[in-house]
Amino acid sequence: MKAVLQKIARPTDASSILLDRRLDDCIPFQWHHHPEFELTLTLNSRGQRFVGDHIGTYDDGDLVLVGSNLPHTWLSTSKVDEAAPHVALVLWFHPEWVERMQDGFVELGAVRAMFDRSGPGLQFSPETAQRIRPVFERLRKLAPEERLPDVLALLTILARDQHAAPLSERVVAPSGRSADRGRLDRVLDHIHLAYAENPSMGELADIAALSLSGLHRLFLRHLDMPISEYLMRLRIGEACALLSGTGKSIAHVAETVGYRSIANFNRQFKAQKGMTPRQFRQRFKAAR
């Protein structure tokens, strides 16, 4: 199932877009994506959460930051209080605002770094969700000019959550600024174009103009993982997108993302996702 591009109207009087969504019956499965970063606090609701290739359960107080253009949806199965509606409090942030937020405000460096890490989606700890809940609920009562200080305070609290965990295995490179950025961008551009062809370490080192050990350190420093793991996560993530978005056979999907052995593909997929490719596809279809 292909994710639908959602168009979000951009206000002229606010840095963020606030949505207070209240649904009596259910939160429906609406697989979509958009350029805006999305922070969602889900209340009085339980069900399944789909973010990129992640499929998991959520409960009351679920707090997630979804990266730019990452497909996602929630699907409710029950309420905590049957007499009250399902609630989704949502803040959308335009990528251009996130890109510029550190210009002149060095204090927002940690917040910017959090957005950079949100490419695969970030789930925040229950303690952090509980702490920001009253701030988030208060936003809907404020005018845009009154809302900004609370939004920045909320984001600062989130950026300090050391237990925030990525949801999806689909790899999205950070966009931080550093002297290594050009080298890393060249290597990542090549990997994303040629990952199915299994590029050699020597080839990638030449592109980065680094030794093999220097290339290894570059990835550990900026992506906190070796190149082999990055490649594996990229392949499995793209396989999940093909399994959920196309009717291609599992063997065809495996070959498309660079696996010459279907047994190796099944083994690595299960190690990453906790289920076989067939089970992943069936679970995704069952939620539609």
Side-chain angles (χ1 to χ4, degrees), residues 1-10 16-23 26-77 86-95 97-98 114-125 128-129 132 136 154-155 158 161 164-175 233-234 236-246 272-275 280-288:
M1 181 180 181
K2 187 175 180 180
V4 175
L5 174 62
Q6 180 180 358
K7 296 288 188 179
I8 298 173
R10 189 175 180 183
S16 59
I17 306 158
L18 178 66
L19 173 67
D20 180 8
R21 191 183 191 195
R22 295 170 184 266
L23 299 164
C26 68
I27 297 177
F29 185 94
Q30 296 174 327
W31 189 232
H32 67 284
H33 69 100
H34 40 71
E36 292 78 12
F37 295 84
E38 177 179 313
L39 179 67
T40 296
L41 175 64
T42 310
L43 304 173
N44 194 45
S45 186
R46 297 186 177 105
Q48 286 187 298
R49 183 200 317 109
F50 301 79
V51 178
D53 59 30
H54 160 85
I55 302 175
T57 59
Y58 75 88
D59 208 325
D60 180 57
D62 183 62
L63 181 62
V64 169
L65 177 62
V66 177
S68 176
N69 282 316
L70 183 66
H72 59 280
T73 190
W74 277 247
L75 174 66
S76 62
T77 56
H86 300 271
V87 177
L89 299 178
V90 180
L91 274 173
W92 285 303
F93 303 93
H94 197 275
W97 184 77
V98 173
M114 175 187 68
F115 278 107
D116 286 343
R117 298 196 311 274
S118 71
L122 287 176
Q123 180 184 11
F124 297 96
S125 65
T128 296
I132 65 95
F136 214 145
L154 183 155
L155 291 175
L158 297 182
D161 186 353
L167 289 173
S168 173
E169 294 293 342
R170 296 196 73 183
V171 179
V172 180
S175 56
R233 289 192 178 195
L234 176 62
I236 296 300
E238 293 305 312
C240 287
L242 291 172
L243 289 167
S244 61
T246 74
Q272 281 294 306
K273 306 307 300 176
M275 65 185 82
F280 178 88
R281 172 172 273 172
Q282 290 172 343
R283 188 170 178 183
F284 189 92
K285 286 183 176 179
R288 290 168 55 181

CZ of Phe37 to CZ of Phe115, rounded to nearest 0.5 Å, is 6.5 Å
Derivation and outcome, side-chain contact (heavy atoms from CB on, under 4.5 Å), residues Leu91 and Leu155:
CA-CA 11 Å; Leu91 274 173; Leu155 291 175; over 6 Å; no
Would you say that Leu19 contacts Ile8 through its side chain, given a criterion of any heavy-atom pair below 4.5 Å between the two side chains?
no
So which of Val90, Leu18, Leu43, Thr40 actually passes side chain to side chain contact (heavy atoms under 4.5 Å, CB included) with Phe136?
Leu18
OH (Tyr58) and CD (Gln48) are apart, to the nearest 0.5 Å, by 9.5 Å
Would you indicate whether the side-chain heavy atoms of Thr73 and Leu75 approach each other to under 4.5 Å?
no
Those residues at least two apart in sequence (or on a different chain) that pass salt bridge (Lys or Arg N to Asp or Glu O under 4.0 Å) with Arg22 are Asp20
With rounding to the nearest 0.5 Å, note down the distance linking OG in Ser118 to CD in Gln123.
14.0 Å
Let's go through Arg117 and Leu65 carefully: what are the C-alpha distance in whole Å and the side-chain angles of both, what is the deciding distance for side-chain contact (heavy atoms from CB on, under 4.5 Å) to 0.1 Å, and is it a yes or a no?
CA-CA 10 Å; Arg117 298 196 311 274; Leu65 177 62; over 6 Å; no
Compare every heavy atom of Gly121 with every heavy atom of Leu70, then report the nearest pair and how far apart it is.
CD2-N, 3.6 Å
Roughly how far apart are Phe280 CZ and Gln272 CD, rounded to 0.5 Å?
12.5 Å
Does the side chain of Phe124 come within less than 4.5 Å of Met114's, by heavy atoms?
yes
Ring centre gap for His72 and His33 strictly below 6.0 Å:
no
Once you round to the nearest 0.5 Å, how far does CG of Asn44 lie from CG of Leu23?
11.5 Å
Rounded to the nearest 0.5 Å, how far does NE2 of His86 lie from OG1 of Thr77?
8.0 Å
Over all heavy atoms of both residues, which pair between Ser16 and Phe93 is shortest? Give the atoms and the distance, please.
CB-CE2, 3.6 Å
Salt bridge (Lys or Arg N to Asp or Glu O under 4.0 Å) with Arg49: which residues, sequence neighbours excluded?
Asp62
Can you run down the salt bridge (Lys or Arg N to Asp or Glu O under 4.0 Å) pairs that involve residues 27-47, sequence neighbours left out, and say none if there aren't any?
Arg46-Asp59
For Pro35, does its backbone N or O pair with a side-chain atom of Ser68 as donor and acceptor, under 3.5 Å?
yes
Heavy-atom check, side chain of Leu39 versus side chain of Leu158, under 4.5 Å
yes
At their closest point, which heavy atom of Ala129 faces which heavy atom of Gly61, and how far apart are they?
CB-O, 3.3 Å
Could you go step by step and tell me if Gln6 and Gln30 meet the side-chain contact (heavy atoms from CB on, under 4.5 Å) rule?
CA-CA 10 Å; Gln6 180 180 358; Gln30 296 174 327; over 6 Å; no
